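Owing to the predicted nature of the structure, the values given are computational and were not obtained by experimental measurement. Order of appearance sets the numbers: ligands from 1, and atoms from 1 within every ligand.
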Amino acid sequence: MKQFISANDVSDINALVQKALAYKADPFKDKALGQNKRIGCLFLNPSMRTRLSTQIAAQNLGMEAVVFNVGSEGWALEFEEEAIMSGNTVEHVKDAAPVMGKYFDILAIRTFPSLKNKEDDYSELFINQFIKYAGVPVVSLESSTLHPLQSLTDVITIQETFKEKRKPKIVLTWAPHVKPLPQCVANSFSQWINQWNEAEFVITHPEDYELAEQFTNGATITHDQDAALKDADYVYVKNWSTYNDYGKIYVNDPDWMLTNEKLRLTNNAKVMHCLPVRRNVELSDEVLDGANSIVTLEASNRVWAAQAVLSEILSLPKSLQRRDLNDQL
Ligand code: CP
């Protein structure tokens, strides 16, 4: 694995899940792998789980992790090529990223979409500029359109908890929210469940909340939440803003919030959410505090997902770990 930006960077999802679960059973077994290596975790946006779990994962592998809140502590970065930097941006990513590439062996980056310009967001300009200019492997800590460490965690959590000898039925359901949120988690979950290809996968959302087909192709999509929930083994709850008429809230029908009454339609489904969650808006207290919720287990598994990914990158042949930017630019 030369980078970790999406499910497309993973050749064998099941093997990566097994690697993560092996780290969960024995966290320090590869403590020597990252010795004398350093990861820079760059945050252009806030985070709790991603930030802490990635640091812990790196430390479990013997790496030093340095966190830099670029968005609040660093110079405002410019990402557009040939920009005339007479506005608020102070430093171009093509100057900053190569420096960080010299400081670190791996760069991990969190960016969010603007939700204003679909083409810009879906071009993944921010993370692609880091990949282009850093000269070291890049790991996504959530990008404009995807959240692969979250999705790997979600597949790990489903594999860990599903004990039956059949495919689970997994339902991704839209939930209400008070502000427009990115499509990243829903896109990414769809991409990973489709590529994993070991589940019956249903996506349900109100009209006008269709996600990008490039991620949902392969899933059954319905606007009938009750029908979708029938016999589900897992219900993944998440809000997202509109994709077609980009970044809007069309309806915010509270009836889409998952309740115990709705859960009774399922096969005693386990309930997942990436967190943070707006209680009694996205998900009811009764579900979050009930026996079906596995959100804390899910969040705890973020460590093992990150550790498996960092381990793969640390195991790359030396020639692929660092490229000479002078050859590339
Ligand atoms: N799920 C997730 O990415 O959480 P944070 O935003 O707290 O990192």
After noting the C-alpha distance and the side-chain angles of D30 and K19, does the key distance pass the salt bridge (charged side-chain N to carboxylate O under 4.0 Å, His left out) rule?
CA-CA 11 Å; D30 283 335; K19 187 166 198 148; 5.9 Å; no
Salt-bridge test for D224 and K230: reply yes if a basic N is under 4.0 Å from a carboxylate O, no otherwise.
no
For ligand 1, what N or O to protein N or O distances fall under 3.5 Å?
residue  : atom  : partner : partner atom : Å
ligand 1 : 1 (N) : Q150    : OE1          : 3.0
ligand 1 : 1 (N) : C274    : O            : 3.0
ligand 1 : 1 (N) : L275    : O            : 2.9
ligand 1 : 1 (N) : R302    : NH1          : 3.4
ligand 1 : 3 (O) : T50     : OG1          : 3.0
ligand 1 : 3 (O) : R110    : NH2          : 2.9
ligand 1 : 3 (O) : H147    : NE2          : 2.8
ligand 1 : 3 (O) : R302    : NH1          : 3.3
ligand 1 : 4 (O) : R49     : NE           : 3.0
ligand 1 : 4 (O) : L275    : O            : 3.4
ligand 1 : 6 (O) : R110    : NH1          : 2.9
ligand 1 : 7 (O) : M48     : N            : 2.8
ligand 1 : 7 (O) : R49     : N            : 2.9
ligand 1 : 7 (O) : R49     : NE           : 3.2
ligand 1 : 7 (O) : R49     : NH2          : 3.0
ligand 1 : 8 (O) : S47     : OG           : 2.7
ligand 1 : 8 (O) : R49     : N            : 3.4
ligand 1 : 8 (O) : T50     : N            : 2.9
ligand 1 : 8 (O) : T50     : OG1          : 2.7
ligand 1 : 8 (O) : R110    : NH2          : 3.3

Qualifying residues under side-chain hydrogen bond (donor to acceptor under 3.5 Å, both in side chains), relative to D121, sequence neighbours excluded
S114, Y246
Heavy atoms from other residues, nucleotides or ligands near CZ of R279 exceed 12 (cutoff 6.0 Å):
yes
For the residue pair N292 and A269, what are the closest heavy atoms and their distance?
ND2-O, 2.8 Å
Ignoring hydrogens and angles, state whether a donor on the side chain of D154 or Y236 is under 3.5 Å from an acceptor on the partner side chain.
yes
